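As the structure is a computational prediction, the values presented were derived from the model and not from experiment.
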Amino acid sequence: VKNIIALIKVSDYCVDTSNGLNGQPKHTLSVIIKPSGRTARIQCQEETLQSNALHWYRLKDQAFQRLMYFEAKSNTGKSDPGVPARYAGSVKGNTVTLTISTLELSDAGSYYCALWSGDNNTKVFGSGTRLYVTGSPVKSPKLYGYLPSKNDKRDKQTMLCQASGMFPDLVKFTWKKKSETGQLTDVPEENVVEQTNKNAVTVTSMMIIDKNTAENNDYQCTVVHEGITDKLQTLEMKRGNLKKL
């Protein structure tokens, strides 16, 4: 979930995450996936929680809805009208938690904690947490790799790393170049292009490099599935050979 980088009108104040103010809340998780009927706990941290008011918002269908607010030095959130009783807020130390019990499919969305700055009438938003609620189990992707054709004589070569069949379709690719001594270094982002096919539930990462560089180096492509962050999948591309690590 990316930071909001514009000024967005909410009630009579502005939401601001682009001006580099100190004290921006930090969400502990960017993605949470839970089956319906379970409980989700969304957390963010900020050192000045006890001295500033804080709010929880949900972004859904391109619209912000305030869910609750905490007065300065309060440990319990006060829900806005219309917010289900299943939503509760609490503060412990420098961590504020939004707890959603008995999850329903309609609870899915992006949640943001926002710190109120009374000096300039702004709310400083955190980076946000995306909540997925599903009746389907999380499914890991299948990882495939494709090397340049040996008959390809063009100056630029393309290596493909493809993740397919996952749920949800949130994956992150990283490319690394492997030296002769085995040291791994990141491939510059400008050498990588990503394409998504929603119909086929496929995400493809393409690394485009000079032909000579491709022929004389080994590479690793790693994919992290956002739903199962502790299980990485890596392909090693060794000068004409693919190997799953």
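Note on Asp107 versus Lys34: no salt bridge recorded, every NZ/NE/NH1/NH2 to OD/OE distance being 4.0 Å or above.
In this structure, the side chains of Pro148 and Met159 come closer than 4.5 Å at one or more pairs of heavy atoms.
For the residue pair Thr97/Thr99, the side-chain donor-acceptor check at 3.5 Å is not satisfied. Side chains of Ser205 and Glu194: a donor-acceptor N/O pair is absent below 3.5 angstrom, by distance only.
The local environment of CZ in Arg86 is crowded, with over 12 non-hydrogen atoms from other residues, nucleotides or ligands closer than 6.0 Å. More than 12 heavy-atom neighbours from other residues, nucleotides or ligands sit within 6.0 angstrom of CD on Glu190.
Closest non-hydrogen pair, Ser164 versus Tyr144, comes out as CB-CE1, 4.1 Å. Across all non-hydrogen atoms, the minimal contact from Thr39 to Ser101 is OG1-CA, 3.9 Å. The shortest non-hydrogen separation linking Glu71 to Lys78 is OE2-NZ, 3.4 Å.
Taking the six-membered ring where tryptophan is involved, the planes of Tyr112 and His27 are perpendicular, since the angle between them exceeds 60° and thus also 30°.
Under the 3.5 Å distance criterion, the side-chain polar atoms of Thr129 are matched with a main-chain donor or acceptor of Leu29.
One finds the CG atom of Leu98 at 9.0 Å from the OG atom of Ser90 (value rounded to the nearest 0.5 Å).
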